[in-house]
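Below, chain A is the first sequence line, B the second, and so on; all start at residue 1. Every value quoted in this text rests on a predicted model; they were computed, and no experiment measured them.
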2 protein chains.
Amino acid sequence: MASTPDLPTRLLFAQFAVVAKALANEHRLMLLQLLAQGERGVETLAEMSGLSVANTSQHLQHLRRTGVVTARRQGKRILYRLADDVVVTLLSSLRQVAERNVAEVQRLLDGYFRERDSLEPIGREELLKRMRRGMITVIDVRPAEEFSAGHIAGAISIPLEQLKRRLREIPPRREIVAYCRGPYCLMAYEAVSELRRRGFRARRLKEGYPEWKSAGLPVEDK
Amino acid sequence: MASTPDLPTRLLFAQFAVVAKALANEHRLMLLQLLAQGERGVETLAEMSGLSVANTSQHLQHLRRTGVVTARRQGKRILYRLADDVVVTLLSSLRQVAERNVAEVQRLLDGYFRERDSLEPIGREELLKRMRRGMITVIDVRPAEEFSAGHIAGAISIPLEQLKRRLREIPPRREIVAYCRGPYCLMAYEAVSELRRRGFRARRLKEGYPEWKSAGLPVEDK
DNA sequence: ACATGATTCAATATATCAATTGAATGATCA
DNA sequence: TGATCATTCAATTGATATATTGAATCATGT
C-alpha cells in the first residue's frame, strides 16, 4: 500500500551510503583513527598503518572524495586531516554499536582487554574535576610526535616505550591516569599494567585524546 | 619507524568495519530509517522501501548478523527493530557528515529542500517549551500506522495525503508545527508548504520522530 | 632547468557484494 | 493433519571494491 520512496529521498540515501562506504573498510577506519590524532602526511600514515604508500594514498583519496577528510599541501607533502569534528562522533558511535552489539567484539574485549584492567577506567568529567584540584598526574603514552601535535592540557608525555626507564619522573604517591588514542588503543592498557606492577596507583582514561578534544575539554596544541 | 599495528587492534578494526559495511548500502540505510520509526515486519518493510521481499529479507539478515537490528517472532511474522538507541545516533552523525561535507548532498539540499521552506525550522527544545505553554498545535504527517506505532506526546495525526480535506480540524490562529520521519523526510516540508498556502502559520520541526524519541523527550507509543 | 622526493594515477587480477529466481522452512488456522 | 502464509535459503549473474605494480605529476632545492 505504501508507495516506493520518491527520487530526492533515494538520492539522499545514496549519498549517505557513499559516506558509509568510505568507512566500510578496516584500513580506512584505522587511517581515520590515526588522523583523529591530528594532521599527517601520506608516508607517515602508510608507516603507521602498515599499508603500502600507494594503497594508503588511494584510501585517503577515497576518504577525501567523500568529504570525510580534507587535504592541504605543505611544501612537497600533502597533509590530511579529518574534515570535521562530527567525524569523531561518527567513529565513536560506530564503535559503540560494535561494542554493544557484536558478539565477536565482546569476545575480543573480554579476552584481551578486561583481564588487563580490572580497575574501572576514569571518565572525562571526573578526570577534569580531579585535575583542577591538582590531585592527579596525567600521562600521555602516545609517541612523542602525537603528543606534540596536541594533548590534554596539563598532561606530561611519556611514550609507552620509554615508560620503564622514566619511572622516576613520576611522583610516587599521587594517582596516575594514562591515556592514548581512544578506548581501543592498547597503549594506555599496557602502561597502566606496567605502572601497577611497579606499585603505582594507576588508572586508564576511558576515552582517548580525540574524544577529549572533540568534547571541547582543555587541550594544548600547535 | 612506527611499527605496524598489533593483532588485536587489527581484529577490532575489522569488527568495526563489519558494522560500517552493514550501513554501507543505500537500501539498508533506508530500512534502518524505517526501523527507526518502530518495529516492522519484513513484508511491510519491503513495501515501504520498494524492494522485493527476498531482497529485503537478506538485507535485514545482514543487519541482524552485524548486530545493528534484532528480530523477534510474533505469530507467523518476524518483527525487526533497531538493536539499540545508539544506532539512531550513528545514523544521525552519518547524516551530519554527509550534510556538512558532501558537495552533492549540498546541491540536493539546496535544490530540493531549501526552496520549499524559507522559514527556519523549530528545534526540539523550543518546541517542547512551547507545547508546555499550550501555544502550539503539533501535527504528525506520517502515515497513520507509523503514528500509532509511536509519536510525539500531544501530537495529532494528519497523514500528508489527508491534509487537504482535514484542514478544518486544525485550529486556525495557533501556530502549527509539522514533523515526520527525520530531517530529510519530505512529508513535513510538503505539509508546511500546503498549510501556508491556506493561510496557516506553519513551521517544520527540524528533526523527526526518531531523533525526538532518541533524545528521551515525551512520546506516546504502544 | 634538472634531479629529487612525495604523492598520485592507471591497469590488472582477485575477492566480495547485490538482485533475482524458485524452492524450502516453520508457525498458524481450519 | 494439511493448507496457508510469511520468511528464509541456495544458486546464479552481474557489478563493485581491493591490493599490487610500475609509470606519471608536481613542488622544491640545487
Side-chain angles (χ1 to χ4, degrees), chain A residues 1-2 4-5 10 13-32 34-35 39-66 68-81 145, chain B residues 1-2 4-5 10 13-32 34-35 39-66 68-81 145:
Chain A
M1 213 47 71
T4 126
R10 291 204 43 204
F13 276 102
Q15 290 303 322
F16 297 156
V18 166
V19 176
K21 279 189 182 122
L23 303 184
N25 177 279
E26 177 183 356
H27 302 305
R28 283 195 294 273
L29 286 172
M30 183 171 294
L31 291 170
L32 287 171
L34 294 170
L35 288 172
E39 239 180 2
R40 291 281 145 75
V42 178
E43 192 166 355
T44 312
L45 290 166
E47 242 175 43
M48 292 174 112
S49 63
L51 300 174
S52 76
V53 171
N55 199 3
T56 304
S57 171
Q58 304 212 125
H59 282 308
L60 289 169
Q61 280 172 76
H62 189 162
L63 291 168
R64 185 168 59 172
R65 274 196 304 275
T66 55
V68 180
V69 309
T70 58
R72 70 186 176 94
R73 176 152 226 142
Q74 193 193 48
K76 60 172 56 172
R77 66 187 58 180
I78 305 231
L79 298 179
Y80 282 86
R81 63 157 72 191
E145 67 269 23
Chain B
M1 212 49 71
T4 126
R10 291 204 43 204
F13 276 102
Q15 290 303 322
F16 297 157
V18 166
V19 176
K21 277 187 183 124
L23 304 184
N25 177 278
E26 177 182 357
H27 302 305
R28 283 196 292 273
L29 286 172
M30 185 170 293
L31 291 171
L32 287 172
L34 294 170
L35 288 172
E39 237 179 4
R40 291 282 144 74
V42 179
E43 191 166 355
T44 313
L45 289 166
E47 244 176 41
M48 293 174 111
S49 64
L51 300 173
S52 76
V53 171
N55 199 3
T56 303
S57 171
Q58 303 210 130
H59 282 307
L60 288 169
Q61 283 172 74
H62 189 163
L63 290 169
R64 185 168 57 172
R65 273 195 303 276
T66 55
V68 180
V69 308
T70 58
R72 71 188 176 95
R73 176 150 227 143
Q74 192 192 50
K76 61 171 57 172
R77 68 188 56 182
I78 306 233
L79 298 179
Y80 282 86
R81 63 158 70 193
E145 66 269 23

Grab the [atom1]-[atom2] distance between [X] and [N] for me, whole Å please.
X	N	atom1	atom2	answer
Arg28(B)	dA19(C)	CZ	P	8 Å
Leu51(B)	dT7(D)	CG	P	14 Å
Glu43(B)	dT8(D)	CD	C1'	14 Å
Leu79(B)	dT8(D)	CG	P	11 Å
Arg65(A)	dT16(D)	CZ	P	15 Å
His62(B)	dT16(C)	NE2	P	13 Å
Arg77(A)	dT28(D)	CZ	P	13 Å
Asn55(A)	dA13(C)	CG	P	18 Å

So how far is it from [X] [atom1] to [Y] [atom2], rounded to the nearest 0.5 Å?
X	Y	atom1	atom2	result
Arg28(A)	Gln58(A)	CZ	CD	10.5 Å
Leu31(A)	Leu51(A)	CG	CG	6.0 Å
Leu35(A)	Leu63(A)	CG	CG	8.0 Å
His62(A)	Asn25(A)	NE2	CG	8.5 Å

- Could you say whether Lys21(A) or Gln58(A) is positioned toward the 5' end of DNA chain D, judged by the nucleotide with the nearest heavy atom to each?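 Looking at DNA chain D, the more 5' nearest nucleotide goes with Lys21(A).
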- Message: Reading DNA chain D from 5' onward, which residue's closest nucleotide shows up sooner: Lys76(A) or His59(A)?
- Response: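 With Lys76(A) and His59(A) compared, the 5'-side residue is His59(A).
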Please determine whether a side-chain nitrogen or oxygen atom of [X] lies at a distance below 4.0 Å from atom OP1 or OP2 of [N].
X	N	result
Tyr80(A)	dA6(C)	no
Asn25(B)	dA18(C)	yes
Ser57(B)	dT8(D)	yes

